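Here's the structure, in structure tokens; my notes come after.
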Amino acid sequence: MSDDWKVLADYTPARVALGRAGNGLPTKRVLEFQLAHARARDAVHAPFDAAAVAEALAPRPTMLLTTQAADRAAYLANPDLGRRLSPESAERLAPGRYDAVLVIADGLSATAIGAHGAALAAAILAQTGELAWAPVAIVSQGRVAVGDAIAEALGAIFAVVMIGERPGLSAADSVGLYLTLHPRAGASSDAERNCISNVRPGGLGYDEAAHRLAWLIGAAQRLGVTGVALKEDAPESLPAPQA
Amino acid sequence: MAHVQILGSTRYVFDDLKTLLARASPDRSGDRLAGLAAASGEERVAARMALADLPLAEFVKAELVPYEADEVTRLIGDTHDAAAFAPVAALTVGEFRDWLLAHETTTEMLAALTPGLTPEMAAAVSKLMRNQDLIAVARKVSVVTRFNNTIGLPGRLSVRLQPNHPTDDAKGIAASILDGLFNGCGDAVIGINPASDNVATTTNLLRMIDALRQRWEIPTQSCVLAHVTTTLRAIETGAPVDLVFQSIGGSEAANKSFGIDLALLREARDAALSLKRGTIGDKVMYFETGQGAALSANAHHGVDQQTMETRAYAVARAFEPLLVNSVVGFIGPEYLYDGKEITRAGLEDHFCGKLLGLPMGVDVCYTNHADADQDDMDNLLTLLGVAGCTYVMGVPGADDVMLSYQSTSFHDALYARAALNLRPAPEFEAWLLRMGILDTDGRVQKRLAGDAARLLEALP
């Protein structure tokens, strides 16, 4: 059932050399795929325990917020709902003298935030101790842009949004970090954000991600921009092909 | 002009043609998101009834998006061929559906009609068609294109080999390419979505595939699906560019969101043609489209997403592409919510593309936040195979580890070919036989022998 070309699997995380049963996949491979897909789907629909994240971050002050997406179905069908705070949550935000606010949102994987949110937040706060951080905002049914509304209402200069990324088959628990300078509700565009993605054990570790974020915040403070105008130093790392 | 349909005691009024088209569309999340969908099932059928009675000729001068403001509208209007339109000029949209289905309407008649059809006509008639109608008519259409091989012949199903890698690692990509070739796939194109869109990556990957293709005389073409401006710069620096890729949309504003306009596509096509790399043909463009692309860029002008999608096909056909595919389930559940909506949209896109004369393939796919799974993809793949789809994707194990979505696998393509008695492109099929990858029954071999075994040793 296995292929003569099993060696190919050493070179790529792609599902190569799976073997065949007739033209189809061998049973083992079908079930492996179904497991990965089931985990990804479960992560998309898993309930978000925002209170548990707050508890893990105690005694640091936190606030639990909601968006206009009443449930998961509404959240998936209309992304704008997850970008806007519910009226009750919006009322609770008062301006202060803050450099930054950390917004932790379930996004498309509550599983990811449940597993990594508190530890990653601790790493970020430890590496950016010189900043005046607002209370940590923990948002249910949130999209990245909800951070703009929160930061603007709090008067924070930076929004750092930590969010569960859309689960793939190889990982259902990836976290993304988005940094936006001078965020404006409903107005900041994706081109104004810097993104650090694939944060998880097995991807980019907590400390490394926090380090990169701290570097970006420092660079943004010096240059006065975030987004496409602020590039991470990423040398061309592709080896020259010899076919 | 308002369109009116009376059903019992209810008088349905549709203010203009784009509203009528939107209300007549099969239900989908993107039109609901845009506030364009019919409010009830009855309103939807009322819109279809009004649409069915509308003269097809109304669409010739219809401007769903203003002519002055949109170069796609100008392209559609300025290139409409009235003589080609003549055979159906007197029909209503409903009669046009019947005409398309009629036994007397042949493959040749459909080919001759193509320049007389506007995308909005194709969209309109599709809204009156059931899935089986979309399949039955698409089956009758033949669109054949050539570069290094012949794509789209009757009885053939080609596959784009999609060997993506999360960090564009050349060895990793080569491994996926070999896996695809050993599974009999890659005749539409070997096409990589790069993780980093830059000239160095594009050039390195193109050189790697080109060396493999030349060394083993593989009758296919290669493409790195970078932005058109990246590919243009790669051409300037001497990269071996077979095909120019670009994502396109159905309005000037949608194209602007992709960082392109028609002039840029023309420049890119001319640059690729100047390389004269095609051995048996000169179709050098590869386009991707998808319902929801215009809406996601807020560039839909109040037009429903399926009609906007067909307008992207008008852009595509102006550049005589080798390949066009809709990425139907890729854009997300806010546009196509579940397997049912993805299936319907895939059949619409294939039908409309073919009717407008395009070599239409479909990326049969879904993301993990859509309510869909492999069973839905099996269904759509089978339906498209019956419909005569030009090509589908071949992704190792159906799992794209760079783009994080699920498409069709090499295995899926083999299934579809076997179940529906379809074969690879003829030149590629001959190569597979010569290499000992296919046996004389057209089955992919389990063991590698001869040249195929040596191909494995070629891993860079």
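In what follows, every chain begins at residue 1, and chains take the letters A, B, ... in the order their sequences are listed. On a predicted model such as this, the values are computed, not experimentally measured, just so you know.
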Heavy-atom pairs under 4.5 Å with chain A, option from Phe410(B), Tyr337(B), Tyr335(B) with the top count: Tyr337(B)
Would you mind reporting whether Leu169(A) and Ser404(B) have side-chain heavy atoms less than 4.5 Å apart? no
Between Ala43(A) and chain B, which part of the residue has a heavy atom less than 4.5 Å away: side chain, backbone, both or neither? neither
Greatest number of non-hydrogen atom pairs under 4.5 angstrom with chain A, of Pro333(B), Gly30(B), Ser29(B), Ser176(B), falls to Ser176(B)
Do the non-hydrogen side-chain atoms of Leu178(B) and Trp5(A) ever get within less than 4.5 Å of each other? no
Indicate yes or no: does Asp4(A) engage Lys446(B) in a salt bridge with an N to O separation below 4.0 Å. no
Which atoms of Ala416(B) approach chain A - backbone, side chain, both or neither, heavy atom under 4.5 Å: neither
Does CZ in Arg32(B) sit with more than 12 non-hydrogen atoms of other residues, nucleotides or ligands closer than 6.0 Å? yes
Where Tyr11(A) and Ala175(B) come nearest, the two heavy atoms and their spacing: CB-CB, 3.8 Å
Tell me, do Arg20(A) and Leu414(B) make a side-chain contact under 4.5 Å, heavy atoms counted? yes
Evaluate the side-chain proximity of His369(B) to Pro167(A): yes if any heavy-atom separation is below 4.5 Å, no if none is. no
Quick one: are Leu76(A) and Asp371(B) in side-chain contact, heavy atoms under 4.5 Å? no
Does any heavy atom of chain A fall under 4.5 Å from the side chain of Gln445(B), the backbone, both, or neither of them? backbone
Is the closest side-chain heavy-atom distance between Asn78(A) and Glu334(B) below 4.5 Å? no
Compute the centroid of each ring, for Tyr366(B) and then for His37(A), and state whether the two points are separated by less than 6.0 Å. yes
Only pairs of heavy atoms separated by less than 4.5 Å count here; which of Asp80(A), Asp10(A), Val44(A) has the most with chain B? Val44(A)
Tell me if a side-chain donor or acceptor on His411(B) pairs with a main-chain N or O of Gly19(A) at a distance below 3.5 Å. yes
Using non-hydrogen atoms and a 4.5 Å limit, figure out which bit of Asp373(B) sits close to chain A: side chain, backbone, both or neither. both
Relative to chain A, which segment of Leu403(B) carries a heavy atom at a distance below 4.5 Å: side chain, backbone, both, or neither? backbone
Region of Leu25(A) that comes under 4.5 Å of a non-hydrogen atom in chain B: both
Name the region of Pro163(B), side chain, backbone, both or neither, that has any atom closer than 4.5 Å to a heavy atom of chain A. neither
If you count every heavy atom of other residues, nucleotides or ligands that lies below 6.0 Å from Arg443(B) atom CZ, does the total exceed 12? no
Pairwise distance CG(Leu18(A)) to CG(Asp179(B)) - rounded to 0.5 angstrom: 6.5 Å
What part of Leu448(B) is in contact with chain A, defined as an atom under 4.5 angstrom from a non-hydrogen atom: side chain, backbone, both or neither? both
Find the one option among Asn368(B), Asn164(B), Val395(B), Val401(B) whose heavy-atom pairs under 4.5 Å with chain A are most numerous. Asn368(B)
What residue, out of Gly168(A), Ala36(A), Ala9(A), Ala77(A), has the most heavy-atom pairs lying under 4.5 Å from chain B? Ala77(A)
Check each atom of Phe182(B) against the heavy atoms of chain A and say whether the ones under 4.5 Å are side chain, backbone, both or neither. both
Tell me if the NE2 atom of His211(A) is crowded by more than 12 foreign heavy atoms within 6.0 Å. no
Interface residue of largest heavy-atom contact number with chain A, from Ala419(B), Ala413(B), Ala370(B), under 4.5 Å: Ala370(B)
Taken to the nearest 0.5 Å, the spacing of Glu32(A) CD from Asp399(B) CG works out to 11.5 Å
Do the side chain of Arg15(A) and the main chain of Ala398(B) share a donor and acceptor less than 3.5 angstrom apart? no
Calculate, to the nearest 0.5 Å, the distance between atoms CG and OG1 belonging to Asp169(B) and Thr12(A) respectively. 8.0 Å
Has Asn421(B) got more than 12 heavy atoms of other residues, nucleotides or ligands less than 6.0 Å from its CG? no
